[in-house]
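Only one structure is covered here, and it is reproduced in the block below.
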2 protein chains.
Amino acid sequence: MIADETTDRAGEWTERQKAVLDVVLALLVEIGDAVTMTAVARRASCSKETLYKWFGDRDGLLSATVQWQASKVHVAAFDRNTLDAGSLEARLAEYAANWLRVISGERSIALNRVAISHAGAARSTLGDIVLRHGRFALGKRMMPVLEAGAEKGLIAFDDREEAFRTFFGLIARDVQIRLLLGDTLAMDEAAIIADAARATRQFLALYAPEARPVQTRPRLRTLT
Amino acid sequence: MIADETTDRAGEWTERQKAVLDVVLALLVEIGDAVTMTAVARRASCSKETLYKWFGDRDGLLSATVQWQASKVHVAAFDRNTLDAGSLEARLAEYAANWLRVISGERSIALNRVAISHAGAARSTLGDIVLRHGRFALGKRMMPVLEAGAEKGLIAFDDREEAFRTFFGLIARDVQIRLLLGDTLAMDEAAIIADAARATRQFLALYAPEARPVQTRPRLRTLT
DNA sequence: GCCGAACCGTAACGTACGGTACGGTTTGAT
DNA sequence: ATCAAACCGTACCGTACGTTACGGTTCGGC
């Protein structure tokens, strides 16, 4: 979950409201969508009437929770002028590692679960919100890096969106769906760093510029 | 969702029970986890008492539904003896296309949503069942192909599970998570075929054997 | 201090649903 | 035909929960 500056409401909440949203987050991690307004009110020492006054309804409270959580995740900017092959790879690996940390974090798992379980319902916008703060926010942040890399002749692609989607697939592979379905998948920091590096190397191999000397290509056997 | 021969119970149900499970499937597609036992009983012209007698409880009914749906999906075997570069690529692309058809199908989406929304609950095994019939079943079927390809020197990898997971990521990319969260993503037959071919070419490029002549490599610019 | 708004803890309302019970009908075996 | 089991449609039970209401307390502005 990543902050999305264009539509975030995080700046509009009081500290008290944010404390309530932290309670919702904790409860979502503990019991998922089984969280009741009564449970939130009790744990947050807040009346249900106030909850409804502040957030509208249950869906509104959940939406606010997603946005609040997303506002806590910040991604570093990058310097376009100093980008070279080494810093491109480092930057991409950093994005990849951050994404893996997000999707394997218990909060993101809980929020995605809730949003997915509401996605069939006609009135819920949770799925849109999670996508906007998740996959699409990541794309928005990474795209300038990809473009800068292409401008500098470090990578090459016909369609930047396709290139991003492929990198996305190389990063997450089967991790997110397994975690969402309850699989126990070890994603400690070492695994995350290694996976991010692997994904980045694979991505750069697939999208190496054609003019690049063939013998300087990474040895593909090291990619597994 | 793919049949898993070792634990399937599909063969144990009567035609009447299968008809009921089809009703559950249809309702899951229409209204997701909001499906009630009363709605199932009414649509299937079946009493709730009978539902409980046949399937135990609500979770049992949902589990049976996953297994029933999975039993309907069959994957063709492959001939190990005649495998060459062309047929390896064709075979992998076929697996990839099948997988994309499955995950973009409304039934699979509905079943994954239900399983994910239950995955936090302590007592539900839906997540395990869906994984077993999904990602893990695909792996089980594809692994012999990857191994045969490696034996024939058509591809090379240090760790077959890692190779499979990367291929999995290249196939699905961001498709499944977007569909689960309610995004409208065009996955018509043409898109599926193209995506499967792209993923296969990318996979084969990443895992080409080292001894293979460099100039015969696919042009990576065509991969986007 | 006064006063209205905001908020808390609790009660109440209306609806919903998983699961069980019941009377009657149907089915299958003898 | 008889009889027990299986099944259907409906009622019932107990619990649950989103949402609103209420009396009292706290807070903030004047």
Side-chain angles (χ1 to χ4, degrees), chain A residues 9 12-28 30-66 68 110 113-115 117-126, chain B residues 9 12-28 30-66 68 110 113-115 117-126:
Chain A
R9 302 189 51 196
E12 302 178 31
W13 293 306
T14 66
E15 293 307 311
R16 177 74 179 117
Q17 289 172 326
K18 289 172 187 172
V20 170
L21 294 177
D22 279 331
V23 163
V24 180
L25 260 183
L27 282 169
L28 283 174
E30 289 171 33
I31 58 177
D33 201 32
V35 64
T36 62
M37 303 302 275
T38 303
V40 173
R42 184 187 308 123
R43 179 142 342 154
S45 300
C46 169
S47 79
K48 287 202 274 183
E49 192 180 29
T50 304
L51 284 183
Y52 285 100
K53 182 177 176 187
W54 287 345
F55 303 109
D57 57 12
R58 190 170 181 276
D59 205 61
L61 178 65
L62 295 174
S63 298
T65 307
V66 174
W68 168 232
R113 282 204 182 117
V114 172
S117 67
H118 288 228
R123 288 181 42 258
S124 182
T125 62
L126 271 183
Chain B
R9 303 187 50 194
E12 301 178 32
W13 292 308
T14 65
E15 292 307 310
R16 178 72 180 117
Q17 289 171 325
K18 289 173 187 171
V20 169
L21 294 177
D22 279 332
V23 163
V24 180
L25 261 181
L27 283 170
L28 284 176
E30 289 170 34
I31 58 177
D33 201 30
V35 63
T36 62
M37 303 301 276
T38 301
V40 172
R42 184 187 307 123
R43 177 140 345 154
S45 300
C46 169
S47 79
K48 283 203 280 183
E49 194 180 27
T50 305
L51 284 182
Y52 287 101
K53 182 176 173 188
W54 287 344
F55 302 108
D57 57 12
R58 188 169 184 278
D59 205 61
L61 178 66
L62 294 174
S63 299
T65 306
V66 174
W68 169 231
R113 280 205 185 115
V114 172
S117 66
H118 287 227
R123 288 180 43 260
S124 181
T125 61
L126 272 183

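In what follows, chains carry the letters A, B, and so on, assigned in the order in which the sequence lines appear, proteins first and then strands, with residues in each chain numbered from 1.
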On DNA chain D, more 5' by nearest nucleotide between L51(B) and A34(A) is L51(B)
Would you indicate, yes or no, if dC7(C) has its OP1 or OP2 atom less than 4.0 angstrom from a side-chain nitrogen or oxygen of S47(A)?
-> no
Just how far, in rounded Å, is C1' of dT20(C) from CG of D57(B)?
-> 14 Å
Sole residue of V20(B), V24(B), D22(B) in side-chain contact (heavy atoms from CB on, under 4.5 Å) with W68(B) | D22(B)
Specify the closest pair of heavy atoms between S63(A) and T125(A), including all atoms of both residues, with the distance to one decimal.
-> OG-OG1, 4.1 Å
Any idea which of dC8(D), dG18(C), dT19(D) is nearest the T50(B) side chain?
-> dC8(D)
Distance in angstrom units between F55(B) CZ and dG19(C) P, rounded = 14 Å
Measure the distance from CZ on R42(B) to C1' on dG9(D) and round it to the nearest whole Å.
-> 11 Å
Nearest-angstrom distance from the residue atom OH of Y52(B) to C1' of dC7(D) | 16 Å
Once you round it to whole Å, what is the distance between C1' of dC17(D) and CD1 of I31(A)?
-> 12 Å
Taking N or O atoms only and anything under 3.5 Å, show me the protein contacts with nucleotides 22-26 of chain C, one pair per line.
| unit_1 | atom_1 | unit_2 | atom_2 | d |
| --- | --- | --- | --- | --- |
| dC22(C) | N4 | E49(B) | OE1 | 2.6 |

On DNA chain C, nearest-nucleotide positions of K53(A) versus T36(B): which is more 5'?
-> K53(A)
Please tell me if the side chains of R58(A) and D33(A) come closer than 4.5 Å, counting only heavy atoms from C-beta onward.
-> yes
A110(A) and L28(A): which non-hydrogen atoms are nearest, and at how many Å?
-> CB-O, 3.6 Å
Between A44(B) and R16(B), what is the shortest heavy-atom contact and its length?
-> O-NH2, 2.8 Å
Looking at every strand, decide which applies to K48(B) at a 4.0 Å heavy-atom threshold: base, sugar-phosphate, or nothing.
-> base
Return no unless some side-chain N or O of W54(A) is found under 4.0 Å from OP1 or OP2 of dC7(C).
-> yes
Does some side-chain heavy atom of F55(B) sit less than 4.5 Å from a side-chain heavy atom of L62(B)?
-> no
Calculate the interatomic distance between Q17(B) atom CD and dA6(D) atom P; express it in whole Å.
-> 12 Å
For T50(B) against C46(B), the heavy-atom pair lying closest together | CB-SG, 4.1 Å
R16(B) side chain N/O closer than 4.0 Å to the phosphate oxygens (OP1, OP2) of dC8(D)?
-> yes
Between CE of M37(B) and P of dG9(D) the distance, given in whole Å, is 15 Å
